[in-house]
2 protein chains.
Amino acid sequence: MAPYTDQQAGEQGVTLADRVFTRLRNAIVEGEIPAGSKISEPELATEYGISRGPLRDAMGRLEACHLVERRANVGARVVSLSQEDLLELYILREALEGMAARLAAERITEKELEHLRRLLKQHEQRGELQEGIAYFQKEGDLDFHFRIVQASGNQRLVQLLCNDLYHLMRMYRYQFGMASARALIAFREHGHIVEAIADRDPEMAELIMRRHIRSSRVNVEMLFDAQDSLTRRSDPDLSEAG
Amino acid sequence: MAPYTDQQAGEQGVTLADRVFTRLRNAIVEGEIPAGSKISEPELATEYGISRGPLRDAMGRLEACHLVERRANVGARVVSLSQEDLLELYILREALEGMAARLAAERITEKELEHLRRLLKQHEQRGELQEGIAYFQKEGDLDFHFRIVQASGNQRLVQLLCNDLYHLMRMYRYQFGMASARALIAFREHGHIVEAIADRDPEMAELIMRRHIRSSRVNVEMLFDAQDSLTRRSDPDLSEAG
DNA sequence: TCGGATCCGATTGTTAACAATATCAGGTTA
DNA sequence: TAACCTGATATTGTTAACAATCGGATCCGA
């Protein structure tokens, strides 16, 4: 099971709200509940076979994760992901994961290091890289980043990145499909990051990690720009006021 | 009113849970409800004159802010702040606010810049710095950092720092007092940060901001170490197994 | 025909009662 | 005496009904 699905994932959560929260989160992240769609409390409640109480609780947590947006007396909608927000997210990751890499270089254990190396080897052997598509879509990339963050030893960093932001990133990947020729490059950069961490070189680890994430962002930015100019050419309505 | 108390603060929130959430948050942050104390739902509900529904909603949001910790079927306690956690928080701030300063240097407006300068002048004239105590305790420091983050233009950064982390920082200040001879030094560093931002020098802005926050952390770290060695000397029980 | 007020329906927010779980006291047994 | 089991109590989790608010359709007037 992917490491970012947290401990209570296996439907084994203690409380109804817990379980429904996890299920709803997956449903939203994987697009089963479409982005931007309105959420009806009674509807969902009957669908999941619970009453509105725990459902509202779960909704509150989803709101805290920024997966749904609520307005009082109006209702909740699944968040609709914007390109700008994704770019903002990359900025955050650059800062946070850069720091995580720095910390990891300072205090990673040999065991964790071995784990990282094995993960990279798995990615390599799986032969997904040549095809280019799979590395991002199957979340091997996120797995790697996740482990670095964990190795930082900063619980708050782990908490923040793994409980909130990563689910959002996953959602973006499901929505936008993020296949890219960068897969192979990204994989190589992962190797460099592990090297720097293994060398116990915090400055270098942070530098490479930041550059790595920044490159991903620029890549996505270019993709968006290309898409935009395409749609603008084929849909003249969108270029000026509709 | 301090800028980090958000828009719905004036008891004017739309829903009961909103208002109770804000009131509870203040009560916790300012120590009115002591850190580490257990929270009884029926008790608080009657105290605030509402029923347990909206109260539980508010508790959920407090949990999302990391101001309370809940365990299923057991209950909620106000978070008890540890020294380690505060240091972790500083690490996070170093990364995030460093990035915020960088972004601010890139895209701050003249108006915001003027705001910043005026804020510093106010702090200077208020004569609090000489006494050393007030700058941190009265949250002039946090006000400054808050504005930088807002000037970054990254909504997610703003969100994260201003809705969650800053309330925690406030709580630490109320709890630990944080008076320090660093007040004057910190004030000067704020000046340097504004200069770098005004020069539109992102690298420098990030560098100084990170060094600034790092210095605060180191300062706190030393305070803690001093306290620890003191208590350990006077309370021999604590040095080894109780 | 267009703009605005009004009513209706549906949805959300809130409440109070019910069920399930954990804590703690007391008793029992080795 | 100490460990364990057992039951009472209080707290939390859950439910279903009630109240308040919003959005949209309809009707009216200019």
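Lettering follows sequence order; numbering is per chain, from 1.
- Under the side chain to side chain contact (heavy atoms under 4.5 Å, CB included) criterion, B:Glu110 pairs with B:Leu113, B:Arg200, sequence neighbours left out.
- Residues meeting the salt bridge (Lys or Arg N to Asp or Glu O under 4.0 Å) test with A:Asp164, sequence neighbours left out: none.
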Tabulate protein N/O versus nucleotide N/O from nucleotides 5-7 of chain D, keeping only pairs under 3.5 Å, one per line.
none

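- Taking the nucleotide of DNA chain D with the nearest heavy atom to each of B:Arg52 and A:Arg71, the more 5' of the two is matched to B:Arg52.
- To the nearest angstrom, P of D:dA16 lies 14 Å from CG of A:Leu55.
- The side chain of B:Arg56 contributes no N or O atom lying less than 4.0 Å from OP1 or OP2 of D:dT15.
- Taking a cutoff of 4.0 Å between a charged side-chain nitrogen and a carboxylate oxygen, B:Arg61 and B:Asp57 qualify as a salt bridge.
- One can place CG of A:Leu16 at 18 Å from P of D:dT12, the figure rounded to the nearest angstrom.
- D:dT11 atom P lies 12 Å from atom CG of B:Leu44, rounded to whole Å.
- Shown here are the side chain to side chain contact (heavy atoms under 4.5 Å, CB included) partners of B:Glu30, two or more places apart in sequence or in another chain: B:Asn26, B:Arg170, B:Tyr174.
- Going from atom CE of A:Met59 over to atom P of D:dT14 covers 16 Å, rounded to whole Å.
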Reading nucleotides 6-11 of chain C from 5' to 3' and marking B where a protein heavy atom lies under 4.0 Å of the base, S where only the sugar-phosphate is that close, and - otherwise, the string is -----S
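- Atom CG of A:Asp57 and atom P of D:dG13 are 8 Å apart (whole Å).
- The main-chain N or O of B:Ile148 is never found under 3.5 Å from a side-chain atom of B:Ser152 such that the two would form a donor-acceptor pair.
- Here salt bridge (Lys or Arg N to Asp or Glu O under 4.0 Å) pairs that include residues 73-91 of chain A, with residues two or more places apart or in two chains, are A:Asp85-B:Arg156.
- Taking atom CZ on B:Arg70 and atom P on D:dT12, their separation rounds to 9 Å, with Å as the unit.
- Between A:Thr15 and the phosphate of D:dT12, there is no side-chain N or O to OP1/OP2 separation shorter than 4.0 Å.
- Taking the side chain to side chain contact (heavy atoms under 4.5 Å, CB included) definition, one finds that B:Glu32 meets it with B:Ala27, sequence neighbours left out.
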Pairs under 3.5 angstrom only: tabulate donor-acceptor contacts from the side chains of residues 45-53 of chain B to other protein residues two or more places apart or in another chain.
residue, atom, partner, partner atom, Å
B:Thr46, OG1, B:Pro42, O, 3.2
B:Thr46, OG1, B:Glu43, O, 2.7
B:Ser51, OG, B:Gly53, N, 3.3
B:Arg52, NE, B:Glu41, OE1, 3.0
B:Arg52, NH2, B:Glu41, OE1, 3.1

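- Under the rule for a side-chain hydrogen bond (donor to acceptor under 3.5 Å, both in side chains), the partners of B:Glu112 that lie at least two apart in sequence or sit in another chain are B:Thr109.
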